[in-house]
Q: 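Got a structure for you, questions after.
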Amino acid sequence: SSDVCSSDLKQKQKSAYNHMPASQVLHLVGPEVWNSYYKFTVARNPWDAAISMYYWRSGESRPSLSEFIASPDLDPLKKNFSIYTLDGKVAVDKICRFENLKEELTAVYEHLGLPVPLELPRAKGQSRPDKRPYREVYEQSDADAIAKIFADEIQLLSYTF
């Protein structure tokens, strides 16, 4: 009956979580729903994202950037590629770049017929005391380590250091 289906859907919705990989979302909602939805994600330049996470996660007694890159604290970023890919292939309709977030999300809103313009909040910006561009923060060895760790994402989105 429709009550059972509605109840099942509510149970499934409770199982979803923030930054859930595409494979798990597909399993959760099923191929019919997955294929009928417009799916988009936001990706960020991995060098910039790693610096941001370094300051956000480390607090005042932070390790060196090299130590952070080698630590499990970087692991959440390592999973980003799986959020919007299935078997290494893009599984979303649009990848919005964080660097152009307002313009990218405006295009998504227009595609979906939602009202624009957007006013986006500023979140977590106060946790990064070093406001220099990421290129000025990295030692070459650390930049190379990020390039290796995030090679798939860097290649897919044509990010450069």
Side-chain angles (χ1 to χ4, degrees), residues 2 5-58 68-69 73-138 143 146-161:
S2 64
C5 292
S6 175
S7 174
D8 289 347
L9 184 56
K10 286 179 184 175
Q11 259 324 81
K12 285 183 178 183
Q13 288 172 337
K14 289 181 184 179
S15 300
Y17 59 89
N18 198 16
H19 303 289
M20 189 174 194
S23 61
Q24 291 180 15
V25 175
L26 174 57
H27 179 74
L28 183 69
V29 301
E32 187 175 327
V33 169
W34 176 266
N35 292 329
S36 70
Y37 280 20
Y38 180 78
K39 300 167 290 297
F40 68 96
T41 191
V42 177
R44 186 175 186 179
N45 179 310
W47 289 283
D48 195 38
I51 291 289
S52 182
M53 181 168 270
Y54 171 66
Y55 285 109
W56 183 67
R57 288 220 171 211
S58 299
F68 176 79
I69 291 169
D73 288 337
L74 191 62
D75 288 352
L77 284 182
K78 293 176 185 177
K79 297 176 184 172
N80 281 355
F81 190 70
S82 71
I83 290 173
Y84 57 88
T85 60
L86 291 168
D87 298 323
K89 294 186 171 96
V90 174
V92 296
D93 300 297
K94 180 165 180 61
I95 300 173
C96 300
R97 291 174 181 256
F98 180 82
E99 299 78 27
N100 304 314
L101 191 57
K102 186 172 184 173
E103 296 81 10
E104 299 273 358
L105 287 179
T106 296
V108 169
Y109 273 49
E110 288 172 349
H111 175 83
L112 295 172
L114 299 172
V116 288
L118 298 174
E119 290 304 319
L120 300 174
R122 300 267 316 157
K124 302 179 187 173
Q126 71 284 356
S127 62
R128 183 175 173 173
D130 187 341
K131 303 292 186 191
R132 292 178 297 162
Y134 68 86
R135 289 177 184 92
E136 296 176 18
V137 177
Y138 282 98
I146 293 295
K148 184 176 181 180
I149 293 167
F150 298 98
D152 290 336
E153 213 164 349
I154 290 167
Q155 181 180 1
L156 173 70
L157 299 169
S158 301
Y159 280 121
T160 59
F161 182 74

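For the numbers below, each heavy atom of this structure counts, side chains included, while hydrogens, waters and symmetry mates do not. In this text the structure is predicted, and so the values were computed from the model without any measurement. Quick note: residue numbers are just sequence positions, from 1.
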Q: Step through the shown structure and confirm whether more than 12 heavy atoms of other residues, nucleotides or ligands are within 6.0 Å of CD on Glu136.
A: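 Yes, because the 6.0 Å sphere around CD of Glu136 holds more than 12 heavy atoms from other groups.
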Q: Compute the centroid of each ring, for Phe161 and then for Tyr134, and state whether the two points are separated by less than 6.0 Å.
A: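 Ring centres of Tyr134 and Phe161 closer than 6.0 Å.
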Q: How close do Thr160 and Asn45 get, counting heavy atoms only, and between which atoms?
A: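 Answer, listing the atom of Thr160 first, then Asn45: O-ND2, 3.8 Å.
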Q: Answer yes or no: is there a donor N or O on one side and an acceptor on the other, between the side chain of Asp93 and the main chain of Phe40, under 3.5 Å?
A: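 Checking the backbone N and O of Phe40 against the side chain of Asp93, no donor-acceptor pair under 3.5 Å is found.
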Q: For Ser52 and Asp48, indicate whether the former's side chain and the latter's backbone hold a donor-acceptor pair under 3.5 Å.
A: no
Q: Could you pull out the closest heavy-atom pair between Ser158 and Arg97, with the gap in Å?
A: N-NH2, 4.4 Å
Q: Give a yes or no answer on whether the side chain of Tyr138 reaches the backbone of Trp47 with a donor-acceptor pair at less than 3.5 Å.
A: yes
Q: Over all heavy atoms of both residues, which pair between Leu28 and Ala16 is shortest? Give the atoms and the distance, please.
A: CD2-CB, 3.8 Å
Q: Is it the case that over 12 heavy atoms from other parts of the model lie below 6.0 angstrom from the NZ atom of Lys79?
A: no
Q: Please step through side-chain contact (heavy atoms from CB on, under 4.5 Å) for the pair Phe81 and Leu156, ending with a clear verdict.
A: CA-CA 10 Å; Phe81 190 70; Leu156 173 70; 3.9 Å; yes
Q: If you count the non-hydrogen atoms of other residues, nucleotides and ligands that lie under 6.0 Å from CG in Asp87, is the total more than 12?
A: no
Q: Do the non-hydrogen side-chain atoms of Ile154 and Pro46 ever get within less than 4.5 Å of each other?
A: yes
Q: With side-chain contact (heavy atoms from CB on, under 4.5 Å) as the test, would you mind laying out the steps for Phe150 and Leu74 before giving the verdict?
A: CA-CA 11 Å; Phe150 298 98; Leu74 191 62; 4.2 Å; yes
